[in-house]
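Report on the structure given below.
The figures that follow rest on heavy atoms only: side chains count, while hydrogens, waters and symmetry mates do not. Atoms within a ligand are numbered from 1 in the order they appear, just like the ligands themselves.
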Amino acid sequence: MYYKQYGNTDMKVSAIGLGTMRYDEEDIKAGRLEKCAEIPLYAFEKGINYWDTAPSYCEDKSEIVTGIALSQVDRSKVYVSSKTNLGLLNMGEHPTKEVFRRRLETSLERLHTDYLDFYHMWCMINLETWEKNMEALYGFFEEAKKEGLIHNIVFSSHMQGNDIETVVKTGKFKGMLIGYNALNYRFRQSGIEAAYKDGMGVVVMNPLGGGMIPQNPKYFTYLTEGTDLTVPQAALRFVASHKEITITLAGCTTKAHVDDAVKAVEGLREEPAEKIAEKYESKGVAFNDLCTGCSYCKGCPKEIPIPKFMDAYNHKILTGKKEGIQERLDWHWDLPREKAAECIACGKCERACTQHLPIIERLKEIAG
Ligand code: SF4
Ligand code: SF4
């Protein structure tokens with residue numbers, strides 16, 4: 001395993017971290033949690049020492065599964081992260097310390113531990129959300145840190161690069177978790193550069209673009225040139241090779257997924273983001289325009305399945321043909337394009353979109 005320094009701390013973390021939102025669905029549903037726990041145990045054997053979990057992942061079982069594994073290894077040899085935010089605490093903008101603490105203690109109990117190495121202010125979609133969470137919760141984070149319940153305060157975000165820079169400049173966080181991949185790297189590049197410069201750890205989620213990269217291997221084979229890697233492995237390596245990025249999270253359902261992720265960073269060579277971007281720029285397409293399928297736009301008042309429509313639009317971009325939209329709607333989603341015409345342009349989805357896509361305009365185009 002290839003290890004990196006976490007920001008300006010003395011923590012040595014594996015270049016691949018275990019994302020724990022992809023434990024086997026059938027096993028989760030059937031309550032076979034011990035079986036799911038074999039994945040973090042296997043990852044540990046392979047040298048993966050950073051495990052990222054959260055309440056609500058895997059039908060709210062991820063922390064429990066991860067805790068089963070954690071209780072079977074030397075606790076001091078794994079860095080564990082979990083998350084909270086105002087939405088999770090479900091208390092509007094005025095949560096009490098008691099509710100914050102109850103939630104944190106639940107995470108600790110489920111994980112069979114008395115401290116978290118990293119506690120995220122979770123899912124800061126934009127600066128407005130971040131400001132509300134800061135005002136309401138940051139003091140509670142600090143108190144929990146003083147008591148040793150959490151070791152490092154970090155945040156997770158879907159903001160674009162310049163907004164991330166604003167958060168970084170506050171100096172309030174040891175590190176951050178952001179979505180970054182071969183589809184959207186330009187979108188957040190300035191954010192990871194700012195964090196790195198500031199001595200923060202940078203952890204990356206969604207390195208495969210919500211499945212878009214493995215599902216469209218022919219568009220991404222350029223990432224594998226000169227290697228013996230598969231497209232998904234090369235996409236993980238693309239992210240991990242950024243010197244500004246400390247940990248690349250790989251969501252693993254099977255031991256083979258763990259092996260794939262480990263192989264992706266064998267003999268890794270780190271390079272600055274700008275150099276990597278320049279190297280690939282001439283070969284790529286307009287990746288920042290693509291929907292990553294993150295589903296943060298869900299909850300449309302007209303019940304329009306936005307990620308499905310945006311996925312179909314991706315196919316227009318990736319194939320360069322407008323018919324790509326109809327083909328995807330017919331053969332993959334079985335979705336009538338007329339549904340797109342029901343959009344009332346309320347803007348709710350665009351405000352939530354992690355890629356800041358012009359959803360309304362695209363729906364109009366799809367509806368014809
Ligand atoms: S702008 Fe249109 S698609 Fe988006 S949430 Fe509103 S009605 Fe739904
Ligand atoms: S439209 Fe935006 S928020 Fe919705 S799934 Fe795509 S990238 Fe995510």
Please write down residue, atom name and distance for the protein heavy atom closest to atom 6 (Fe) of ligand 1. C346 SG, 2.3 Å

Mind telling me whether Y50 and F118 have parallel, tilted or perpendicular rings, with 30° and 60° as the class edges? tilted

Does anything in residues 300-312 form a side-chain hydrogen bond (donor to acceptor under 3.5 Å, both in side chains)? List the pairs, not counting sequence neighbours. D311-R328, D311-W333

Within-2.8 Å protein N/O/S contacts of atom 4 (Fe) of ligand 2: C297 SG

Taking atom 8 (Fe) of ligand 1 as the reference point, the nearest protein heavy atom with its distance: C300 SG, 2.4 Å

If you measure from the Lys or Arg side-chain nitrogens to the Asp or Glu carboxylate oxygens, is any gap between R75 and D114 under 4.0 Å? no

Where the side chain of Q72 meets the backbone of I68, is there a donor-acceptor pair that is under 3.5 Å apart? yes

Within the 4.0 Å heavy-atom shell around I360, which atoms of ligand 1 are there? 1 (S)

For atom 2 (Fe) of ligand 1, find the nearest protein heavy atom and state the residue, atom name and distance (0.1 Å precision). C343 SG, 2.4 Å

In this structure, atom 3 (S) of ligand 1 is nearest to the protein heavy atom L363 CD1, 3.5 Å

Backbone N or O of G347 within a donor-acceptor pair of the E350 side chain at under 3.5 Å? no

For the pair H242 and T248, evaluate side chain to side chain contact (heavy atoms under 4.5 Å, CB included) and give the outcome as yes or no after the intermediate values. CA-CA 10 Å; H242 285 67; T248 303; over 6 Å; no

Is it true that K132 and E128 have a side-chain N and a carboxylate O under 4.0 angstrom from each other? yes

Could you verify whether a donor N or O on one side chain and an acceptor N or O on the other, from Y180 and E244, lie under 3.5 Å apart? no

With heavy-atom distances below 4.0 Å as the criterion, list the atoms of ligand 1 near I344. 2 (Fe), 7 (S)

Which heavy atom of the protein is the closest neighbour of atom 1 (S) of ligand 1, given with residue, atom name and distance? G347 N, 3.2 Å

Between the side chain of D117 and the main-chain N/O of V80, is any donor-acceptor distance below 3.5 Å? yes

